[in-house]
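Heads up: the structure comes next, in structure tokens.
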Amino acid sequence: MLNKDTQLCISLSGRPSNIGTRFHNYLYQKLDIDFIYKAFTTNDIEAAIKGVRALGIRGCSVSMPFKESCIPFIDHLTDSAKAIDSVNTIVNDKGVLTAYNTDFLAIRQLIAENLPDNQQHVVVQGAGGMAKAVVAAFHDAGFTHLTVMARNEKSGRNLAEKYQYTYQSPEQCSPADIIVNVTPLGMSGGPDSETLAFDDALITAAKTVFDVVAFPAETPLVKRAKALGKSVISGDRVIALQALEQFALYTGVRPSDELMQEASLFSRR
């Protein structure tokens with residue numbers, strides 16, 4: 001039963017989905033934790049973050065397009081958020097807001113588990129907050145051959161140069177062993193939901209296809225890669241791992257891997 005002591009956690013996203021809401025609330029119920037989670041969007045990120053502080057909201061997940069614009073309204077950035085200059089998790093401790101980037105932690109884990117050869121060439125498409133986490137995670141894993149592909153040349157070059165990588169426009173981009181989509185292309189509910197995130201030639205040439213888009217789990221890119229027999233890392237794995245880290249930060253409880261998988265499956269129904 002909800003009561004006056006029930007802790008509230010929320011998400012702020014340009015395109016709210018039920019994935020995080022179902023994931024967190026499933027675990028709250030299973031673990032008998034007095035929390036509730038609700039998704040929101042906003043046209044005023046400053047007011048929204050101030051509301052997190054003023055209302056005592058315990059935790060706030062931050063998604064596109066707010067990962068960078070929320071930073072001026074936060075008290076402390078942890079190393080993961082500060083290094084990337086991008087936030088996806090805010091924890092409220094009695095009015096003090098601390099920011100983390102659990103996207104980075106999740107992607108670093110997936111790279112360690114699935115991509116042991118750091119001499120492979122990587123192409124990352126995108127230059128926003130999530131792309132910063134992806135590029136930083138590949139750099140942290142020792143990958144030396146990476147190209148940032150972005151339509152926004154300034155943002156793309158800035159991200160590439162930060163890690164001494166290269167930048168190419170989508171029209172120039174060369175084939176690579178690993179291709180990573182970190183744009184909304186293929187995201188359900190958006191204007192590009194049926195768009196293939198990479199040219200077919202780049203998909204055909206790749207050994208591994210990594211799509212960070214989590215909803216749907218099988219984007220047009222993932223479907224095409226599977227049809228071609230490629231190794232695939234899908235966005236639902238990213239969102240489950242980063243959400244697990246958020247859950248632990250908010251509640252102080254770390255669910256088992258088995259329970260995390262249950263919650264992840266439930267969240268995509």
Side-chain angles (χ1 to χ4, degrees), residues 9-13 19-20 23-24 37 45 48-49 52-53 57-93 96-115 118 122 124 126-144 146 148 150 155-156 158-165 180-183 210 212-214 233 235-255 257 260 264:
C9 292
I10 69 170
S11 66
L12 292 172
S13 172
I19 296 176
F23 181 94
H24 286 272
Y37 190 102
I45 189 63
I49 300 301
V52 170
R53 188 196 311 276
I57 294 170
R58 169 59 180 166
C60 177
S61 169
V62 184
S63 298
M64 294 185 292
F66 306 121
K67 290 173 181 278
E68 297 159 322
S69 59
C70 70
I71 290 175
F73 317 113
I74 293 169
D75 299 308
H76 302 295
L77 297 181
T78 59
D79 289 343
S80 62
K82 190 183 298 182
I84 303 167
D85 196 30
S86 175
V87 166
N88 82 320
T89 304
I90 302 168
V91 177
N92 182 1
D93 288 303
V96 178
L97 304 185
T98 302
Y100 301 78
N101 195 303
T102 66
D103 290 331
F104 170 79
L105 301 175
I107 293 159
R108 187 175 61 180
Q109 179 176 334
L110 288 170
I111 291 170
E113 292 173 351
N114 298 278
L115 301 169
N118 61 14
V122 184
V124 174
M130 186 65 160
K132 290 180 178 180
V134 170
V135 172
F138 273 104
H139 184 266
D140 191 66
F143 282 77
T144 56
L146 186 145
V148 175
S155 297
N158 287 343
L159 177 55
E161 290 171 3
K162 180 175 182 178
Y163 298 99
Q164 298 182 320
Y165 289 143
V180 190
N181 175 46
V182 202
T183 74
F210 187 172
V212 176
V213 171
I233 305 171
D236 60 318
R237 297 174 68 187
V238 177
I239 201 169
L241 287 171
Q242 69 83 22
L244 177 66
E245 295 298 328
Q246 289 179 329
F247 187 92
L249 287 168
Y250 298 155
T251 67
V253 175
R254 181 171 292 275
D257 288 343
M260 182 197 74
S264 181

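Remember, it's a predicted structure, so these values are computed and weren't measured experimentally.
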The side chain to side chain contact (heavy atoms under 4.5 Å, CB included) partner of Leu97 among Ile49, Val91, Ile57 is Ile49
Taking the side chain as everything from C-beta on, heavy atoms only, tell me whether Arg254 gets closer than 4.5 Å to Phe247. no
- prompt: Heavy-atom distance under 4.5 Å between the side chains of Phe143 and Leu115, does that happen here?
  reply: yes
### Task
Apply side chain to side chain contact (heavy atoms under 4.5 Å, CB included) to the pair Val180 and Phe138, showing each step before the final yes or no.
CA-CA 11 Å; Val180 190; Phe138 273 104; 4.0 Å; yes
Any donor-acceptor N/O pair, Ser61 side chain to Thr89 backbone, under 3.5 Å | no
All heavy atoms of Ala136 vs all of Tyr163, minimum pair found to be CB-OH, 3.3 Å
Val238 side chain reached by Phe210 side chain, heavy atoms, under 4.5 Å: yes
Value for CG (Asn88) from OG (Ser13), rounded to nearest 0.5 Å, stands at 11.5 Å
Between the CD1 atom in Ile84 and the NE2 atom in His139, the distance rounded to the nearest 0.5 Å is 12.0 Å
All heavy atoms of Leu77 vs all of Lys82, minimum pair found to be O-CE, 3.6 Å
- Arg53 versus Asp75: any side-chain heavy-atom pair under 4.5 Å? yes
| message | Using modelled atom types and a 3.5 Å cut-off, is there a donor and acceptor pairing between side-chain atoms of Ser86 and backbone atoms of Gly129? | response | yes
Show, in sequence, the C-alpha distance, side-chain angles and deciding distance for Met260 and Leu241, and conclude whether the side chain to side chain contact (heavy atoms under 4.5 Å, CB included) test is met. CA-CA 8 Å; Met260 182 197 74; Leu241 287 171; 4.1 Å; yes
Between the CG atom in Asp85 and the CG atom in Leu159, the distance rounded to the nearest 0.5 Å is 11.0 Å
Side chain to side chain contact (heavy atoms under 4.5 Å, CB included) test vs Cys60 passes for just one of Ile90, Asn92, Ile74, namely Ile90
Output for pair (Ile239 CD1, Phe23 CZ), nearest 0.5 Å, gives 9.0 Å
Looking only at heavy atoms, the pair that brings Gly128 and Glu68 closest together is C-OE2, 4.3 Å
Just wondering, do Gln242 and Leu105 contact through their side chains at under 4.5 Å, heavy atoms? no
Query raised in the report: Can you find a pair of side-chain heavy atoms, one from Leu249 and one from Thr98, that are under 4.5 Å apart?
Result: no
For atom CG of Asp93, decide whether the heavy atoms of other residues, nucleotides or ligands shown that lie under 6.0 angstrom number more than 12. yes
Between Thr102 and Gln246 the two heavy atoms that sit nearest each other are OG1-CG, 3.7 Å
Less than 4.5 Å apart, any side-chain heavy atom of Arg237 and any of Leu110? yes
Parallel, tilted or perpendicular: which one describes the rings of Tyr250 and His24, with boundaries at 30° and 60°?
tilted
Between Ala133 and Asn101 the two heavy atoms that sit nearest each other are CB-OD1, 3.9 Å
OG (Ser80) and OH (Tyr100) are apart, to the nearest 0.5 Å, by 8.5 Å
Next on the checklist: Using side-chain heavy atoms (C-beta onward) and a distance below 4.5 Å, is Lys67 in contact with Asp103?
Outcome noted: yes
Tightest non-hydrogen contact, residues Gly156 and Val148, listed as O-CG1, 3.8 Å
